[in-house]
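This is the structure I want to talk about, given as structure tokens.
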Protein chains: 2
Amino acid sequence: MVNRRKDEHMANAFRALGHPVRLRIVRILNDEGASFAGDITRRLPVVASTASQHLKILREAGLINDAADGPHRYYSVNKQALLDLKAWVRKL
Amino acid sequence: MVNRRKDEHMANAFRALGHPVRLRIVRILNDEGASFAGDITRRLPVVASTASQHLKILREAGLINDAADGPHRYYSVNKQALLDLKAWVRKL
DNA sequence: CGCTATCATCGTATTTCGACGAACAACGAC
DNA sequence: GTCGTTGTTCGTCGAAATACGATGATAGCG
């Protein structure tokens with residue numbers, strides 16, 4: 001099948017979104033713009049190390065970007081990834 | 001947050017879609033219409049009992065419907081659930 | 001330099017997922 | 001009733017996910 005690899009990639013993205021905390025992270029970044037890790041974590045019901053893991057999962061799924069900024073870390077949504085997601089879902 | 005419960009529900013749906021086999025099931029039902037369990041299973045790289053489990057997960061997530069039809073079981077997409085999913089994703 | 005702040009990563013315990021084969025249930029044909 | 005077909009559920013086991021605290025790494029302040 002032509003789209004087997006694409007499906008694999010999309011399944012990865014969906015799996016990353018398939019957790020309340022991670023869904024909330026994406027919504028925070030999407031609704032309120034890029035943020036520092038601490039500002040995100042402060043709004044989540046988990047400790048910092050756990051939040052960091054969730055951010056890593058979203059990053060590895062390609063859904064968010066990160067950049068170092070002094071001792072802080074700046075996170076933002078990957079707009080292109082979200083566009084791809086929307087395009088895929090629209091076909092359902 | 002107003003949409004905490006909604007997010008929980010959407011995370012469930014995303015988690016259900018977060019597996020290649022289940023994504024493929026949804027695509028089969030969506031692209032080719034409702035099907036018997038056996039016809040679906042035959043196109044998946046897993047044995048029948050595993051396919052049945054995946055169908056159950058999708059059903060419990062509300063993404064597909066099922067109906068008994070003699071010794072067969074008939075599966076179809078839940079159009080409303082997909083509409084909800086699309087509406088949610090569109091807001092990203 | 002030492003000190004604080006900010007995050008990430010490591011180590012670990014618990015839970016959940018995902019796969020299979022075996023056993024079970026429901027239906028139709030006979 | 002007994003088969004044969006279809007599909008689900010059960011039992012099990014290894015792999016992965018999820019949470020936490022502890023430790024490590026880096027940047028800026030003094």
Side-chain angles (χ1 to χ4, degrees), chain A residues 4 7-26 28-29 32-78, chain B residues 4 7-29 32-77:
Chain A
R4 197 105 58 92
D7 279 3
E8 194 84 27
H9 181 255
M10 293 307 305
N12 250 340
F14 282 128
R15 187 154 43 84
L17 293 175
H19 188 287
V21 166
R22 293 195 291 267
L23 208 53
R24 189 139 162 64
I25 291 172
V26 172
I28 289 173
L29 293 179
E32 307 170 20
S35 313
F36 294 121
D39 292 334
I40 300 169
T41 301
R42 217 163 288 121
R43 309 181 51 181
L44 301 175
V46 293
V47 301
S49 61
T50 303
S52 184
Q53 280 186 140
H54 284 303
L55 287 166
K56 182 179 184 181
I57 290 170
L58 287 169
R59 177 167 22 100
E60 289 177 347
L63 293 172
I64 64 176
N65 303 117
D66 68 324
D69 173 28
H72 299 82
R73 190 157 286 261
Y74 202 59
Y75 283 95
S76 56
V77 295
N78 182 336
Chain B
R4 196 102 60 92
D7 279 3
E8 194 85 26
H9 181 254
M10 292 307 305
N12 251 341
F14 282 128
R15 187 154 44 85
L17 293 175
H19 189 289
V21 166
R22 294 195 291 266
L23 210 51
R24 190 142 163 63
I25 291 172
V26 172
R27 271 161 57 76
I28 289 172
L29 292 179
E32 306 170 20
S35 312
F36 295 120
D39 293 334
I40 300 170
T41 300
R42 217 163 287 120
R43 309 182 50 181
L44 301 176
V46 292
V47 301
S49 61
T50 303
S52 184
Q53 282 187 138
H54 284 303
L55 287 165
K56 183 180 184 180
I57 289 170
L58 287 169
R59 177 166 22 97
E60 289 178 347
L63 294 172
I64 65 176
N65 302 118
D66 68 325
D69 175 27
H72 299 82
R73 190 158 285 262
Y74 202 59
Y75 282 96
S76 56
V77 295

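Per chain, numbering begins at 1; letters A, B, ... match sequence-line order.
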(request) With sequence neighbours left out, write down each residue that passes side-chain contact (heavy atoms from CB on, under 4.5 Å) with S49(B), or none if nothing qualifies. (result)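 Per chain and number, S49(B) pairs via side-chain contact (heavy atoms from CB on, under 4.5 Å) with V47(B).
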(request) Report the residue (R15(A) or S49(A)) whose heavy-atom-nearest nucleotide on DNA chain D is the more 5′ of the two. (result) R15(A)
(request) Locate the shortest heavy-atom distance separating A37(A) from L55(A); write the atom from each residue and the value. (result)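 In this case the closest contact between A37(A) and L55(A) is CB-CD1, 4.4 Å.
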(request) Have a look at V21(B) and say if it touches a base, only the backbone sugar-phosphate, or nothing, with a 4.0 Å heavy-atom cut-off. (result)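 Nothing, no heavy atom under 4.0 Å.
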(message) Applying side-chain contact (heavy atoms from CB on, under 4.5 Å), can you list everything that pairs with V26(B), at least two apart in sequence or on another chain?
(response) L92(A), L17(B), L58(B)
(request) At the 4.0 Å heavy-atom cut-off to chain A, mark where contacts on DNA chain D begin and end, going 5' to 3'. (result)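 Taking any atom under 4.0 Å from a heavy atom of chain A, the span is dA17(D) to dG28(D).
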(message) Suppose we screen for ring pair (Phe, Tyr, Trp, His ring centres under 6.0 Å). Which residues come up paired with F36(B), at least two apart in sequence or across chains?
(response) H72(B), Y74(B)
(message) Which heavy atom of A51(A) sits nearest to which heavy atom of T41(A), and what is that distance?
(response)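 That would be CB-OG1, 3.5 Å.
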(request) Please collect all ring pair (Phe, Tyr, Trp, His ring centres under 6.0 Å) contacts where either partner lies in residues 38-71 of chain B, sequence neighbours excluded, each pair once. (result)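 Qualifying pairs: H19(B)-H54(B).
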(request) Strictly below 4.0 Å, heavy-atom distances to any atom of DNA chain D: list the hits from residues 68-77 of chain A, or just say none. (result)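 Residues of residues 68-77 of chain A under 4.0 Å from DNA chain D: G70(A), P71(A).
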(request) Report the residues that fulfil side-chain hydrogen bond (donor to acceptor under 3.5 Å, both in side chains) with N12(B), sequence neighbours left out, ordered by chain and then residue number. (result)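 Result, side-chain hydrogen bond (donor to acceptor under 3.5 Å, both in side chains) vs N12(B): R15(B).
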(request) Using the closest heavy atom to pick a nucleotide of DNA chain D for each, name whichever of A48(B) or V47(A) lands nearer the 5' end. (result)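 Here A48(B) is the residue nearer the 5' end.
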(request) Heavy atoms only: give me the nearest R43(B)-E32(B) pair and the separation to one decimal. (result) NH1-OE1, 2.6 Å
(request) Kindly give the heavy-atom pair with the smallest separation between L63(B) and A13(B), and that separation in Å. (result)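 Of all heavy-atom pairs spanning L63(B) and A13(B), the closest is CD1-O, 3.9 Å.
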(message) Within residues 51-60 of chain A, which residues have any heavy atom lying less than 4.0 Å from an atom of DNA chain C?
(response)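 Listed by number, they are S52(A), K56(A).
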(message) I need the minimum non-hydrogen distance between A16(A) and R22(A), along with the two atoms involved.
(response) O-NE, 2.6 Å
(request) Could I get the full list of side-chain hydrogen bond (donor to acceptor under 3.5 Å, both in side chains) partners for E60(A), not counting sequence neighbours? (result)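 With neighbours one apart ignored, the set is empty.
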(message) Restricting to side-chain contact (heavy atoms from CB on, under 4.5 Å), what partner residues turn up for R59(B), sequence neighbours left out?
(response)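 Once residues adjacent in sequence are excluded, the partners of R59(B) under the side-chain contact (heavy atoms from CB on, under 4.5 Å) criterion are K56(B), I64(B), D66(B), Y75(B).
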(request) Provide the start and end nucleotides, 5' to 3', of the part of DNA chain C that has atoms under 4.0 Å from heavy atoms of chain A. (result) dT6(C) to dT9(C)
(message) Once side-chain hydrogen bond (donor to acceptor under 3.5 Å, both in side chains) is applied, do any residues pair with N78(A), and if so which ones, sequence neighbours excluded?
(response)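 Scan of N78(A) (side-chain hydrogen bond (donor to acceptor under 3.5 Å, both in side chains), adjacent residues dropped) gives none.
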